[in-house]
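For reference, the structure discussed in these notes is given below.
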Amino acid sequence: MQATRLGIDESEDVTDDDLAARLRSGDVDAMGEVYDRFADRVYNFCFRRTASWSAAEDAMAAAFLEVWRVRARATAYDGTLLPWLYTVAGNVCRNQLRSQRRHAALRAKLHVVEEDVRVADHADDVAGRVDDERRMAELVAAVSRLGERDREVLVLVAWDGLTYEQAAQVLDVPVGTVRSRLSRSRGRLAELMDRTEEER
Amino acid sequence: MNEQHVPERRLSDEARARRRTELMAAVRADDRQPRRWVAPVAAAAVVAGLVGGGYAVGRTGDDEPASTNLDVAGSGSASTASTGPSGAPSPSSSEDPEPECEATTLSPEQEMRERMEDPLWEDPVIAPVLRSYRDVLVQHLDPQDEHLERKPSNVQTSGIPGCDFDALGTKLGWSVPGEGGLGMVQIEVGTSARGSQVELSFGGWRQVDEPRLPDGVTRAREVHNGDVTAVLVVRDDGVAVGIIADPLFGNNSTTGVTGFGFGVADLLAAAADPALALPQ
């Protein structure tokens, strides 16, 4: 499926190329505009890696800070900053997941009884968010059985909605490689899911 | 998988506004600070010897100072990665109101563990720079992009722990279709040729004659050691670039390639390319 264009505040007057150039020159206001334009996209990108809305929000915030730190590299591919933003956000999510795993291991050793903090959530759609997280966790678990290279390309194209060309930019591989990996990952995933169904 | 529903949501208005406020406060605070390199470089200096045949070496008695507009602390200074003072002032410290570097508080062992989990060549700042080095090499040495390893997977650096660094490089595999061996092209971009890893790898360097110097190059040296060729260029802007072409990538293979499709002139042209620069 292609990701929908969530909450993007796109002014016709300001292109991503303009924003990239202003970011590179250290324009603080451009950082705000990039955030306004892409916050939801990066938020959902991070959710698809963390399967947790709260973790995704933290990761998104960290990702935009990282974007500012590496602003000198800001580049719009094919007129969009998304591939570059996803590259930065992907690194942040990976680091966060590593930290979470270490924290989880420590917590397991300490036998901490985790309270269900969700009951304190003010949002009316707590149940929906929990459902989202459960579903996303299942999907992440499914694709995690693929090799890393195949998984990356599948997620970028099928979940994040990038074109083959944009995914190639993010992964720094030729477009042909994206196509072949995508084909292989789809086949492999279907095979894995069929096997899972049979085992149930 | 395409038929699977992938959940999507918008940030709540409250979260969006709060995160924006936090971000812009951090950005504005950072914008008032002088830009500097900190964490990745500190780790790089400590573990340089562990990755990709990395090294860290002191630069003393340098007679080839880099341009002062490189925005790199430690340029041409005596700096030893493992023992250099973390707060050592750079040569430009007299002009810099905030010369102090932020030293790492981690032990070398902790640094190593951190860095092994988070390879420097995947650092979001360094990785694009290494890729830009590869792009230059492809342009001059491998225009069909069929020989050079596609993604840098190692890094070599030198510098003062906790501060900026004064050299950055990588080794890329070079394969030849139909052959099982692996060659290597190493590139190093730094603030000085003297004491660089490329220079220290060989003896018997010879000056390249003036007519063979590419545009924008102040001086250049070359060396041939068996099948291995290396060049060392100092550009007009002070940047030093060394490139080694070795038909055997000894770190990763016991069998080399039969040769390269380029010559010394191509290596010099690549080294002279102004796109090669240290991270800002």
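In what follows, chains are A, B, ... by sequence order, proteins preceding strands, each numbered from 1. Excluded from the calculations below are hydrogen atoms, water molecules and symmetry mates; all remaining heavy atoms, backbone and side chain alike, are included.
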Apply side-chain contact (heavy atoms from CB on, under 4.5 Å) to the pair B:Val129 and A:Arg73, showing each step before the final yes or no. CA-CA 9 Å; B:Val129 178; A:Arg73 317 277 181 250; 3.5 Å; yes

A:Asn91/B:Glu122 under side-chain contact (heavy atoms from CB on, under 4.5 Å): CA gap, chis, key distance, verdict: CA-CA 8 Å; A:Asn91 289 329; B:Glu122 293 180 356; 5.7 Å; no

Check step by step if salt bridge (Lys or Arg N to Asp or Glu O under 4.0 Å) holds for A:Glu57 and B:Arg16. CA-CA 9 Å; A:Glu57 189 184 316; B:Arg16 178 190 308 279; over 6 Å; no

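Side-chain atoms of B:Pro124 and A:Arg69, non-hydrogen and from C-beta on, do get closer than 4.5 Å to each other.
Of the atoms belonging to B:Arg18, it is side-chain heavy atoms, and not backbone ones, that fall under 4.5 Å from chain A. Residue A:Asp132 touches chain B through both its backbone and its side chain, counting heavy-atom pairs closer than 4.5 Å. Only the side chain of A:Tyr43 comes within contact range of chain B, judged by heavy atoms closer than 4.5 Å. For B:Pro128, the part lying under 4.5 angstrom from a heavy atom of chain A is the side chain only.
Ion pairing between A:Arg48 and B:Glu8 holds under the 4.0 Å rule for side-chain N and carboxylate O.
Rounded to the nearest 0.5 Å, atoms CG (B:Leu11) and OH (A:Tyr35) are 5.5 Å apart. Between the CE atom of B:Met24 and the CZ atom of A:Phe64 there is a distance of 11.5 Å, given to the nearest 0.5 Å.
Of all the listed residues (B:Arg150, B:Lys151, B:Glu14), the one sharing the greatest number of non-hydrogen pairs under 4.5 Å with chain A is B:Arg150.
For A:Asn44 (side chain) and B:Arg9 (main-chain N/O), a donor-acceptor pair under 3.5 Å exists by modelled atom type.
Paired with B:Arg19 under the rule salt bridge (charged side-chain N to carboxylate O under 4.0 Å, His left out), one option of A:Asp40, A:Asp58, A:Asp36 passes, and it is A:Asp58.
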